[in-house]
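Residues: numbered from 1 along the sequence shown. The structure displayed is predicted, hence computed values, not measured ones.
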Amino acid sequence: MTDTRSGFVPPYLLQLHAAERPSDPLISCIIPAYNESDNIVPMLETLHRLLTEAGYRHELVVVDDGSRDDTVPKVLETTSRLPVTLIQLSRNFGKEIALTAGIDQVNGDVAVLIDGDFQHPPEMVPVFLDKWREGYDMVYSVRANRDNETLAKRAFTHVFYALINSGAPLKIPENTQDFRVLDKSILNALRQMPERNRFMKGLYNWVGFTQLAMETQTQERRAGKSSFNFRNLLGLGLTGLTAFSNMPLRIWTLLGCVISLLSIGYALFELCHTLLFGNAVNGWPTLVVAVTFLGGVQLLSIGILGEYVGRIFNEVKGRPTYLISRITRADKGEDA
């Protein structure tokens, strides 16, 4: 495990932040869960043990994202012996929204975001918290490698970050994960962001504050099979691109300019050819290829533009980002 800094932080600023840290902070662990019945209880027990050994007051906030297995009953069984709060969303909204719900609901001085399947190593949580005490407002995980992923997924991820960071004044670090520690100042900043099409890695990066990247080794799932497939990855990628980059629009603007110039050049060529050699009745294949090619380009351009317009439409409708059906707190019963 190595440290990599996402930017220089003046030592005096770290000292100021460290001096402001509470002596007995409340740690809020946010664990989004969707069909994690085999993993969630061991994760809660592991986090409770690690934080207790480190001497931290803590709450374990499970955000159930519409699970269809027995994740909820298993979490409820722990509320009598662990400091668990269960937030049940009214349906499956997706991980980005589940994280948002957890961020909105926690009361801690610092939040820990971690998956419930043990792919994020829980033993790193105390290490991250030590760095938070040193003055960093955000400590986040960067994958050490992607050796356990398919070639297609690695290629897609590389292309995605190349596109989203191309020409962007604020670069999103590649290979970052949702596994991170967030100071209360960052939690308050994220709560002020009303967008419904949420790409959390972009939002974490956008808020700024003092940040430290730490390289960690991503583990295999302890049990079960991930419900996050390539279709979900593609959807998340589109959300990230449309939320944080205008590059797709710029690419097709450039392509349109290039095609227009080529068309003008070809028109001049045909004009000169006709004046010099006459106009033979030819060119039907050229005409068909040109029309179909330009038609395809236009439809693709409209589709890209439609992605942006569709997300604008979702935003202006003003619907709630999520709905909570029930909140159950340790030894305190249920809140409607």
field: Pairing residues for R68 by the side-chain contact (heavy atoms from CB on, under 4.5 Å) criterion, not counting sequence neighbours
entry: Y34, N35
task: For side-chain contact (heavy atoms from CB on, under 4.5 Å), just list the numbers for V41 and E45, CA-CA rounded to whole Å, side-chain angles, deciding distance to a tenth of an Å, and then say yes or no.
output: CA-CA 6 Å; V41 174; E45 292 173 341; 3.6 Å; yes
Determine the minimum heavy-atom distance between [X] and [Y], stating which atoms define it.
X    : Y    : value
F93  : T321 : CD2-O, 3.7 Å
E123 : P126 : O-CD, 3.4 Å
V63  : A101 : CG1-CB, 4.3 Å
P32  : L99  : CG-CD2, 3.8 Å
A98  : L89  : CA-CD1, 4.1 Å
N205 : Q211 : O-NE2, 3.9 Å

query: Parallel, tilted or perpendicular: which fits the ring planes of F179 and H120, with parallel below 30° and perpendicular above 60°?
result: parallel
Can you tell me how far apart [atom1] ([X]) and [atom2] ([Y]) are? Round to the nearest 0.5 Å.
X    : Y    : atom1 : atom2 : answer
D38  : F118 : CG    : CZ    : 11.5 Å
M124 : L50  : CE    : CG    : 11.5 Å
L13  : D137 : CG    : CG    : 7.5 Å
M138 : T210 : CE    : OG1   : 9.0 Å
I40  : T78  : CD1   : OG1   : 8.5 Å
L113 : Q177 : CG    : CD    : 12.0 Å

[Y] side chain reached by [X] side chain, heavy atoms, under 4.5 Å:
X    : Y    : value
I103 : M200 : yes
F128 : V112 : no
L82  : L47  : no
I186 : Y204 : no
D70  : K74  : yes
P121 : Q217 : no
E36  : D64  : no
P83  : H58  : yes

task: Please lay out, stage by stage, how D130 and V139 fare under the test side-chain contact (heavy atoms from CB on, under 4.5 Å).
output: CA-CA 10 Å; D130 287 343; V139 184; over 6 Å; no
query: Between R198 and M193, is a side-chain contact (heavy atoms from CB on, under 4.5 Å) present by the stated rule, with each step listed?
result: CA-CA 9 Å; R198 301 181 76 83; M193 298 182 182; 4.3 Å; yes
Per-pair distances, 0.1 Å, donor-acceptor, side chain in residues 22-29, under 3.5 Å, sequence neighbours excluded:
from: D24; atom 1: OD2; to: R57; atom 2: NE; distance (Å): 3.1
from: S28; atom 1: OG; to: E59; atom 2: OE2; distance (Å): 2.5
from: S28; atom 1: OG; to: G108; atom 2: N; distance (Å): 3.0

message: Salt bridge or not between R133 and D183? Use side-chain N to carboxylate O under 4.0 Å.
response: no
task: Given side-chain contact (heavy atoms from CB on, under 4.5 Å), test T79 with L86 step by step and report yes or no.
output: CA-CA 9 Å; T79 56; L86 173 62; 5.7 Å; no
message: Check whether R21 reaches the backbone of G135 with its side chain - one donor and one acceptor, N or O, closer than 3.5 Å.
response: yes
- prompt: Is the side chain of S325 donor-acceptor paired with the backbone N or O of Q88 at a distance under 3.5 Å, no angle test?
  reply: yes
message: Strictly by salt bridge (Lys or Arg N to Asp or Glu O under 4.0 Å), give each pair with a member in residues 97-115 just once, sequence neighbours left out.
response: K95-D115
